[in-house]
Amino acid sequence: MSNLVMVCRRIWSTKTFHAAALTVFNAQLQFHRRPVLFNIVFQFKQTCFSSSKANSFQVPEFYSLNKKISYLIRTGRINEARELFDSTEHWNTITWNRMITAYVKRREMLKARQLFEEMPNRDIVSWNLMLSGYISCGGKFVERARNMFDQMPETDCVSWNTMLSGYAKSGMMDKAEELFNEMPERNVVSWNAMVSGYLMNGHVEKAIEFFKLMPKRDSASLRALISGLIQNDKLVEAERILLQYGGNVGKGDLVDAYNTLIAGYGQKGMAYEARKLFDRIPLCCDCGYSRRNVISWNSMIMCYVRAGDIVSARELFDKMVERDTFSWNTMISGYVQILDMKEASNLFSRMPEPDTLSWNMMISGFSEIGSLKLAHDLFKRIPEKSLVSWNSMISGYEKNEDYKGAMNIFLQMQLEGKKPDRHTLSSILSACAGLVDLVLGTQIHQLVTKAFIADLPINNSLVTMYSRCGAIVEARMVFDEMNLQRDVISWNAMIGGYAYHGFATEALQLFDLMKQCNVQPSYITFISVLNACAHAGLIEEGRREFNSMVNTHGIKPQVEHYAALVDIIGRHGQLEEAMSLINSMPCEPDKAVWGALLGACKVHNNVEMARAAAEALMKLQPESSAPYVLLHNMYADVGRWDDAAEMRTMMEKNNVQKDAGYSRVDSYC
DNA sequence: GTAGGGTTAG
């Protein structure tokens, strides 16, 4: 029996789990009915499958009521646990405490407090639990914790340490120090809390001083110092201390500190230093093998992936004896990031138990390279779709401008009763904007419940959606309700909406307001502002804004800005200036730039320049008939019939089809 | 059943 337990534990820890193994375990479980075995199988299921599948497991009959409660709490079924708790009386103190812990962990302090008040026999653990609950809520609750601490009938080292760490986390190191000095007895946890406290608050020297003064150190002391030093950007110091003190730690595994520093190097993209450390991880005194564990390998692979060195990452990955889901996912994410998806699929198909993350990464990867069909095929195969899976698929369609596809997935999601979150709503509102579907957009708006009412991205999407659909009043209503919760995207959406629909004055007024509110405009803001100037025929204002964009805001003008400026100047009839602007542009003029000039030429009847603009357009979009037709009409208007006929011949020669409805072309005007 | 930011991915 104990062998069986060990085998189960072993397999669980490597997470190489197969359905067949589960069948065997289930059979054993039926036979032995041992809780310990049951727990292992449960953890198994939870690791390998989604939690819903694991939760479908019935609580075993042979569990005592106390055990049932802790089982339910452990699996996150707090409400069921509470129901069971309320159904009977005479619980022991440990079970009362367990129930309180559940609420404390979820920071539901009102419920925790209520139980605490009701319980017949509080012990020191009950008090400590409440203390740690208030501490983890932070802010003003720290004072509340202190009141409680002062009222406690007795205190132990845990109470003092909890209070101490509370002060440290809230940045009150003087109070923490005071407490540390008053403590009747200190243990290694007290010292560690002080060291990390100093580091959290940026007192690096003081932390090192304290660390050196410690009467006893364990691996957590070293880890706390190392991770704190990393956060304070002292990687060299961290490595020095690790090598100096690493040989001499008490309880715990030293490799954790190495792993922490390797990961720290990874965050800074320092793969070379990380690898040097990885190779220096010492040997185990007992077995003589390196102390490296699967996390060391994973962290090192991660470093390479972050540094963009996929080859070294793969080399290490192939050398691994024992890979977990994390190793596979990190490697796959590396390939997904550089987009070459072939190798990612290759690994994915070899992966023993892909989890939701693996599936979701593959979907986003395929969407990113525009392979929506592959993404969708994969999506359909996901055994249990998480919200992230749905969201990845919807945003995949949306980003590839397949708005109907996005909408279909969303409808399917609704049918399956899945609740959308902020990501879903934001993508689907963008899809409504793309489809210019006001009815659908308004319906989605109604789905935006109280929970999302102050959500910035969602409100931005709403403004964009209403703007695009031409519902300017509704857009402005959402925008106004956002009050102080606005970012540059909100302003851009609203100004852009006004500009796009020809409300130039409103666009410019809002832009003024934006500047008054000290919001830094982006290059997108200026596209809308310049377009608004063009629309309203404000040549001086347009020139001024263009210059202020470059000189005051340091924004490099893009081709879109030039197109708008050409439009502004051209509409005003200054065609020569517009042409010389195009010639002086640092970037290649695109169809919008030439289109603006051509439109201006049409309005101001400059046939020669129109010809130059049209020819440039013909090169850029050889399939479009618009420049031919427009030039043809201009020639015809001034009676240059030969030139008009030439346009027709050229169209035939270049095999350009005349678009239906283009008998009079005003598309550039 | 309580105290030390315990390590890694989208």
Side-chain angles (χ1 to χ4, degrees), chain A residues 66 69-70 73-74 91-102 104-105 119 122-133 135-136 138 145 155-166 168-169 183 186-197 199-201 217-228 230-231 251-253 255-264 266-267 293-303 305-306 324-334 336-337 355-365 368 386 388-389 391-392 395 423:
Chain A
N66 285 320
I69 294 254
S70 53
I73 290 174
R74 202 172 53 239
W91 295 102
N92 60 23
T93 307
I94 292 187
T95 305
W96 276 92
N97 286 345
R98 234 175 235 150
M99 203 62 237
I100 293 178
T101 314
V104 162
K105 289 254 161 73
M119 72 188 290
R122 291 174 205 142
D123 65 2
I124 191 158
V125 175
S126 329
W127 284 91
N128 287 345
L129 273 169
M130 292 303 294
L131 204 58
S132 87
I135 292 295
S136 62
T155 53
D156 63 2
C157 211
V158 176
S159 334
W160 285 83
N161 287 344
T162 308
M163 199 60 236
L164 183 80
S165 81
K169 279 177 205 159
M183 283 176 83
R186 303 179 192 107
N187 61 12
V188 66
V189 177
S190 332
W191 284 88
N192 289 350
M194 286 303 285
V195 170
S196 21
L199 287 163
M200 265 182 257
N201 296 293
R217 285 182 275 267
D218 61 6
S219 75
S221 328
L222 199 57
R223 196 182 46 226
L225 186 60
I226 300 283
S227 78
I230 292 169
Q231 264 150 51
K251 201 174 126 248
D253 198 344
V255 77
D256 289 350
Y258 275 86
N259 293 346
T260 306
L261 187 51
I262 290 173
Q267 275 166 18
N293 59 16
V294 67
I295 297 176
S296 327
W297 287 84
N298 290 348
S299 308
M300 193 57 234
I301 292 176
M302 187 65 231
C303 288
V305 166
R306 281 234 173 119
D324 62 8
T325 313
F326 199 96
S327 331
W328 287 93
N329 282 347
T330 309
M331 204 57 235
I332 290 176
S333 86
V336 169
Q337 267 165 43
D355 63 2
T356 23
L357 178 64
S358 333
W359 287 96
N360 296 341
M361 282 191 308
M362 294 301 293
I363 289 176
S364 328
E368 197 85 10
S386 69
V388 181
S389 327
N391 289 346
S392 306
S395 92
H423 302 285

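FYI, side chains are in, hydrogens and waters are out, and symmetry mates aren't considered; it's all heavy atoms of this structure. First the proteins, then the strands, lettered A, B, ... as listed; each starts at 1.
- For the pair N161(A) CG and dA3(B) P, the interatomic distance rounds to 10 Å; values are reported in whole Å.
- Per the geometry, CG belonging to N201(A) stands 15 Å off C1' belonging to dG4(B), to the nearest Å.
- Counted by atom type alone, W160(A) and T155(A) present one or more donor-acceptor pairs between their side chains at under 3.5 Å.
- With hydrogens and angles left out, the side-chain atoms of N391(A) and N360(A) include no donor and acceptor closer than 3.5 Å.
- In terms of heavy-atom proximity, C157(A) sits nearest to M183(A) at SG-CE, 4.3 Å.
- Computed from coordinates, the D123(A) CG to dA3(B) P distance equals 14 Å when rounded to whole Å.
- The distance between atom NZ of K105(A) and atom C1' of dA3(B), rounded to the nearest whole Å, is 12 Å.
- The same atom, C1', is picked in dG6(B) and in dG10(B); the two are 23 Å apart, to the nearest Å.
- Residue side chain N187(A) reaches the base of dA3(B) through a donor-acceptor N/O pair under 3.5 Å, judged by distance alone.
- Here S386(A) pairs with S389(A) under the side chain to side chain donor-acceptor pair (under 3.5 Å) rule; sequence neighbours left out.
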For nucleotides 6-10 of chain B, tabulate all protein N/O to nucleotide N/O atom pairs closer than 3.5 Å, reporting atom names and distance.
unit_1: dG6(B); atom_1: N9; unit_2: R223(A); atom_2: NH2; d: 3.4
unit_1: dG6(B); atom_1: N2; unit_2: R223(A); atom_2: NH1; d: 3.1
unit_1: dG6(B); atom_1: N2; unit_2: D256(A); atom_2: OD2; d: 2.2
unit_1: dG6(B); atom_1: N3; unit_2: R223(A); atom_2: NH1; d: 2.7
unit_1: dG6(B); atom_1: N3; unit_2: R223(A); atom_2: NH2; d: 3.4
unit_1: dA9(B); atom_1: OP1; unit_2: R306(A); atom_2: NH2; d: 2.5

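- At a threshold of 4.0 angstrom between heavy atoms, the contacts of M130(A) with the nucleic acid are absent.
- Using modelled atom types, no side-chain atom of N329(A) and backbone atom of I332(A) make a donor-acceptor pair closer than 3.5 Å.
- Scored by the side chain to side chain donor-acceptor pair (under 3.5 Å) test, T95(A) finds N66(A), N92(A) as partners (sequence neighbours excluded).
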